Asker: 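Once you've had a glance at the structure underneath, I'll fire off some questions.
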Amino acid sequence: MRMSQLFLRTLRDDPADAEVPSHKLLVRAGYVRRVAPGIYSWLPLGLRVLAKVEAIVREEMAAIGGQEVRFPALLPRDPYEATDRWTEYGDNLFRLKDRRGNDMLLGPTHEEMFTLLVKDLFGSYKDLPAVLYQIQTKYRDEARPRAGILRGREFIMKDSYSFDVTDEGLEQAYQAHRAAYIRIFDRLGFDYVIVKADSGAMGGSASDEFLAVLETGEDTFVRSPGGYAANVEAVTTVVPDAIAFDGLPAAHAEQTPDTPTIETLVAHANAAFPRDDRPWTGADTLKNVLIMLRHPDGSTEPLAIGLPGDREVDAKRLEVQVSPAEVEPFGEEDFARYPDLAKGYIGPGVLGTENATGIRYLTDPRVVDGTSWITGADVHGSHVFDLVAGRDFTSDGTIEAAEVRAGDPAPDGSGPLELARGMEMGHIFQLGRKYAERLGLQVLDENGKLVTVTMGSYGVGVSRAVAAVVEGSYDELGIVWPKEVAPFDVHLVVAGKAPELFEGADGIVADLEAAGLDVLYDDRPKMSPGVKFKDAELIGVPTIVVVGKGLADGVVEVKDRATGERRDVAVADLVATLTA
RNA sequence: CGGGAUGUGGCGCAGCUUGGUAGCGCACCUGCUUUGGGAGCAGGGGGCCGCAGGUUCGAAUCCUGUCAUCCCGACCA
């Protein structure tokens, strides 16, 4: 490709609306243009990269027997009504009407369509297993699109679906996808982790997320030196051993005026009731938090959560635990209905289905039998000290709602956890029979009986991956593409304007292309060398070949974009050097 | 949906306080010079100053409304 012919304009300044590196660089280097918030056009360079990523995905999907199909992006309402997602998706769904007033939507994902397609055409266990996938534009009307290509309202996604009669078949399809995804992300060349996704509401179905490790990521995950990795929502607390009650001091209530917060309580305890061995800390206190649950049927239920005072409730972890109920704040009017609750001094004494309030009381897993706590005495201005779990109070069960912190032990014993940010690039999920049931996807088994098909759904953010690659591979000069996804193999710059240089370059380009290399040939005649070098570095093709003064002696310069290393190579050896 | 900011050629910005012929840099076009690190000189094209009202002899500038965009948060592949 001759650069004089390429539809490209590079920009010297970062666009004002860009914040993250991939956004700035992809716009500056002429890969994409913004059309509307979260909606981008792909220019020739960008499309080449996108095609490379798609090719990797197609190869790896083919390798596990996936067959490609393509559904429309524009879809009728009906199938999504059957699974309730017309409603469930809420404002995130792009909705429109056709001229007859029929409701339509722009597909946010295609579980329904795949399920119905298989139902349409297949009716026997002999037809299964099957894996179908598509690479298609998806639409989600995000409340706040951001970070350019990384999180748009229109994006390209590979979604595949497996169809099996047996749970074992589903497990196999799931593992095949997991392996394929590992190969895909390895080839894309960015740092990623596989984390267990939330283990809550969907009832134990296996689910792994592939997260690109990025500062700009929107998911928080944890990992340990020993290789454990999980979404914070899926982290389980390491439960300490129970402690024998023998010798534990008896509980005693103390006056603790003006200590409605953990901070004031700890300060007061250290001042008025100092320990011999060490100061009191927030971890010695048991904080009791009240929330209101709203169940899907609209009813509400209060819930009390007891957790070490040095930890906050993590809203996301809590939501996963109580799903499908939703969490609402416990308001003043709710407190008014429970006169036994002494705000700021609430303790286990009145919590629990057996006690005065009758409010269900769940505690953090760290609150095991024999642990001693300072906690509210259910009287304003008073706390109980040495209140021992299992001896002086009990709860109605445990709940994983406390925040996860760096340094917490990994559940599998593989060391202290570290918190990091990631961006979801792939998600594999055992859907089970939910969609098949809703949509009536059944086949006849060997005995001639109708059985419901079990499904898996597996996504890769294809356009997002392009941005993630950039996020993981750039420097102050521009993008540094890994070979597998670079728009070209070689960027050849003519430094100079002597006709002999261009003639020589023409020949070199022809040789390289004959050897199967994609060459971006900067043949722009009047451009100064400095501009060409800057453009080459910004665009980020892995290998830059400079045809300049050395050509008279039969050598050109080969520069590695990533390392900056340059060396002179004889023209005669160039093809061999670059294809090695 | 809450908080903050910003809308001026393709891009980045100044001008607004104090109303008076719309400016700068980059990019683009022409010519000459230059040619290994975002060249120089000269000339040139391109604008409904987000939109709508209002005040005024006169509005990019003041007032009111409105729309949009960006950032932080809530939410989210």
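Basis for what follows: all heavy atoms, side chains included, without hydrogens, waters or symmetry-related copies. Everything quoted here is computed from the prediction, not taken from an experiment. First the proteins, then the strands, lettered A, B, ... as listed; each starts at 1.
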Asker: For U30(B) and C49(B), measure between their P atoms and round to the nearest Å.
Answerer: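 Here U30(B) and C49(B) have their P atoms 29 Å from each other.
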
Asker: Would you compute the distance between atom CZ of R58(A) and atom OH of Y133(A) and round it to the nearest 0.5 angstrom?
Answerer: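 Here the rounded value is 5.5 Å.
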
Asker: Write down the partner of U21(B) under the Watson-Crick or G-U wobble criteria, each distance required to be under 3.5 Å.
Answerer: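 Base-paired to nothing in any strand shown.
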
Asker: Describe the nucleic acid contact of V27(A) in one word from base, sugar-phosphate, nothing, applying a heavy-atom distance below 4.0 Å.
Answerer: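 Nothing, no heavy atom under 4.0 Å.
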
Asker: Whole Å only: how far is the CG atom of L211(A) from the P atom of C76(B)?
Answerer: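 These atoms are roughly 15 Å apart.
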
Asker: Taking only Lys NZ, Arg NE, NH1 and NH2, and the carboxylate oxygens of Asp or Glu, determine whether R524(A) and D522(A) approach each other closer than 4.0 Å.
Answerer: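 D522(A) and R524(A): salt-bridged.
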
Asker: Among G12(B), C76(B), C71(B), find the nucleotide with the atom closest to the side chain of E19(A).
Answerer: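 Shortest atom-to-atom distance from the side chain points to C71(B).
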
Asker: Check the phosphate of G36(B) against K549(A), side-chain N and O only, distance under 4.0 Å to OP1 or OP2. Yes or no?
Answerer: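 For K549(A), the contact criterion (side-chain N or O under 4.0 Å from OP1 or OP2 of G36(B)) is met.
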
Asker: Watson-Crick or G-U wobble partner for A42(B), using a 3.5 Å limit on both distances?
Answerer: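 Base partner found: U30(B).
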
Asker: Using Watson-Crick or G-U wobble geometry with both distances below 3.5 Å, tell me the partner of C49(B), or none.
Answerer: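 Its partner is none (no Watson-Crick or G-U wobble pair with both distances under 3.5 Å).
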
Asker: Can you tell me the Watson-Crick or wobble partner of C1(B), both distances under 3.5 angstrom?
Answerer: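 G73(B) - that is the nucleotide pairing with C1(B), both distances being under 3.5 Å.
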
Asker: From C-beta outward on D13(A), which listed nucleotide comes closest to its side chain: G12(B), C76(B), A39(B)?
Answerer: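 When the side chain of D13(A) is considered, G12(B) is the closest of G12(B), C76(B), A39(B).
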
Asker: For G37(B), give the paired nucleotide (Watson-Crick: N1-N3 plus N6-O4 or O6-N4; G-U: N1-O2 and O6-N3; both under 3.5 Å), or none.
Answerer: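 G37(B) is paired with nothing.
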
Asker: Find the distance L8(A):CG to G10(B):P and express it as a whole number of Å.
Answerer: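 Whole-Å distance recorded here is 19 Å.
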
Asker: Could you check which of G37(B), G36(B), G38(B) has an atom nearest any side-chain atom of P529(A)?
Answerer: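 Side chain of P529(A) sits closest to G36(B).
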
Asker: Take atom C1' in C62(B) and the same atom in C71(B), then report the distance between them in whole Å.
Answerer: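 Here C62(B) and C71(B) have their C1' atoms 29 Å from each other.
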
Asker: Say you pick atom P in G53(B) and the same atom in G15(B); how far apart are they, in whole Å?
Answerer: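 Per the computed distance, 28 Å lies between those P atoms.
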
Asker: Indicate the atoms forming the closest heavy-atom contact of G459(A) with M157(A), along with that distance.
Answerer: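 Shortest heavy-atom contact: CA-CE, 4.0 Å.
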
Asker: Pick base, sugar-phosphate or nothing for G548(A), based on heavy-atom distances below 4.0 Å to the nucleic acid.
Answerer: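 If one applies the 4.0 Å heavy-atom cut-off, G548(A) turns out to touch a base.
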
Asker: Say you pick atom P in A22(B) and the same atom in C26(B); how far apart are they, in whole Å?
Answerer: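 The answer is 23 Å between these two P atoms.
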
Asker: Return the value, rounded to whole Å, for the distance between atom CG of D522(A) and atom P of G36(B).
Answerer: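 The answer, rounded to whole Å, is 15 Å.
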
Asker: Indicate, yes or no, whether a donor-acceptor pair under 3.5 Å links the base of G10(B) to the side chain of R12(A).
Answerer: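 By the distance-only test, no, there is no pair.
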
Asker: Taking the P atom in each of U6(B) and G25(B), what is the distance between them to the nearest angstrom?
Answerer: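 Comparing P positions in U6(B) and G25(B) gives a spacing of 25 Å.
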
Asker: Rounding to an integer number of Å, can you tell me how far M423(A) CE sits from C75(B) P?
Answerer: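 Spelled out: CE on M423(A) to P on C75(B) is 16 Å.
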
Asker: Side chain of K534(A), heavy atoms from C-beta onward: which of G37(B), C13(B), G36(B) has the nearest atom to it?
Answerer: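 Per side-chain heavy atoms of K534(A), the pick is G37(B).
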
Asker: Just checking, R464(A) and F155(A): is the charged tip under 6.0 Å from the six-membered ring centre and within 45° of the axis?
Answerer: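 Not satisfied by the 6.0 Å and 45° rule.
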
Asker: To the nearest 0.5 Å, tell me how far L45(A) CG sits from M1(A) CE.
Answerer: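 Interatomic distance, L45(A) CG to M1(A) CE, rounded to 0.5 Å: 9.0 Å.
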
Asker: Determine the contact category for R34(A): base if any of its heavy atoms lies under 4.0 Å from a base atom, sugar-phosphate if only primed atoms, P, OP1 or OP2 are that close, otherwise nothing.
Answerer: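 Touches sugar-phosphate only.
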
Asker: Roughly, in whole Å, what's the span from CD in E209(A) to P in C76(B)?
Answerer: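 Atom CD in E209(A) sits about 12 Å away from atom P in C76(B).
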
Asker: Given U34(B), G37(B), A77(B), which nucleotide is nearest the side-chain atoms of K497(A)?
Answerer: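 Nearest nucleotide to the side chain: U34(B).
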
Asker: Under 5.5 Å between ring centres and under 30° between planes: does that hold for F533(A) against the base of G38(B)?
Answerer: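 Ring-base stacking flag not set for F533(A) and G38(B).
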
Asker: Starting from C1' on G12(B), measure out to NZ on K24(A) and report it in whole angstrom.
Answerer: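 For the pair K24(A) NZ and G12(B) C1', the rounded distance is 13 Å.
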
Asker: With respect to the side chain of R151(A), which nucleotide from C11(B), U69(B), A77(B) is positioned closest?
Answerer: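 Closest of the options to the side chain of R151(A): A77(B).
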
Asker: Using the P atoms only, state how far A74(B) lies from G3(B), rounded to an integer number of Å.
Answerer: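 Rounded to whole Å, the distance is 16 Å.
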
Asker: Say we look at C24(B) and C63(B): how far apart would their C1' atoms be, to the nearest angstrom?
Answerer: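 Result for the C1' pair: 30 Å, nearest Å.
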
Asker: RNA chain B: K526(A) or Y89(A), which has the more 5' nearest nucleotide?
Answerer: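 Of the two residues, K526(A) wins.
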
Asker: Under the salt bridge (charged side-chain N to carboxylate O under 4.0 Å, His left out) test against R317(A), which residue among E403(A), E400(A), E233(A) passes?
Answerer: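 So the option named by the test is E400(A).
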
Asker: In whole Å, I'd like the distance from the CZ atom of R153(A) to the P atom of A77(B).
Answerer: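 These atoms are roughly 16 Å apart.
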
Asker: Could you tell me how far apart K532(A) (NZ) and A39(B) (P) are, to the nearest whole angstrom?
Answerer: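 These atoms are roughly 13 Å apart.
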
Asker: Applying the Watson-Crick and G-U wobble criteria at under 3.5 Å, what pairs with U61(B)? Answer none if nothing qualifies.
Answerer: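 Across any shown strand, U61(B) pairs with none.
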
Asker: Mind telling me whether F94(A) and Y139(A) have parallel, tilted or perpendicular rings, with 30° and 60° as the class edges?
Answerer: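 Answer is perpendicular, since the angle exceeds 60°.
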
Asker: May I ask you to say what D535(A) touches in the nucleic acid, namely base, sugar-phosphate or nothing, with a heavy-atom cut-off under 4.0 Å?
Answerer: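 The answer is base, as D535(A) lies within the cut-off (heavy atoms under 4.0 Å) of a base atom.
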
Asker: Ignoring hydrogens, what is the shortest heavy-atom contact between W481(A) and Y31(A)? Give both atom names and the distance.
Answerer: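 Smallest heavy-atom distance, with atoms named: NE1-OH, 2.8 Å.
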
Asker: Using heavy atoms to find the nearest nucleotide of RNA chain B for I149(A) and R9(A) separately, return the residue whose nucleotide is more 5′.
Answerer: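 Mapping each residue to its closest nucleotide by heavy atoms, the 5'-most match is R9(A).
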
Asker: Indicate the atoms forming the closest heavy-atom contact of L170(A) with G456(A), along with that distance.
Answerer: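 In terms of heavy atoms, the two residues are closest at CD1-N, 3.7 Å.
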
Asker: Which nucleotide in the list A39(B), G36(B), G25(B) gets nearest to the side chain of V546(A)?
Answerer: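 Nucleotide nearest to V546(A)'s side chain: G36(B).
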
Asker: For U55(B) versus U61(B), give the span between their C1' atoms, rounded off to a whole number of Å.
Answerer: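 Pairwise C1' distance, U55(B) against U61(B), rounds to 13 Å.
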
Asker: Touch check for K158(A), heavy atoms < 4.0 angstrom, all strands: base, sugar-phosphate only, or nothing?
Answerer: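 No contact.
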
Asker: Which part of the nucleic acid does G148(A) contact within heavy-atom distance under 4.0 Å: base, sugar-phosphate only, or nothing?
Answerer: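 Touches nothing.
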
Asker: Donor-acceptor pair under 3.5 Å: do we get one between R28(A)'s side chain and the base of G38(B)?
Answerer: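 Indeed there is one.
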
Asker: Once you apply a heavy-atom cut-off of 4.0 Å, does E142(A) come out as touching a base, just sugar-phosphate, or nothing?
Answerer: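 E142(A): base contact, heavy atoms under 4.0 Å.
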
Asker: Consider the side chain of E424(A), meaning its heavy atoms from C-beta on, and name the nucleotide among A77(B), C13(B), U69(B) that approaches it most closely.
Answerer: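 It is A77(B).
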
Asker: Among the candidates G37(B), C75(B), A77(B), find the nucleotide nearest to the side-chain atoms of E319(A).
Answerer: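 Within the option list, the nearest is C75(B).
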
Asker: For C75(B), does OP1 or OP2 lie under 4.0 Å from any side-chain N or O of R146(A)?
Answerer: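 Answer no for this pair, as no side-chain N or O of R146(A) is under 4.0 Å from OP1 or OP2.
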
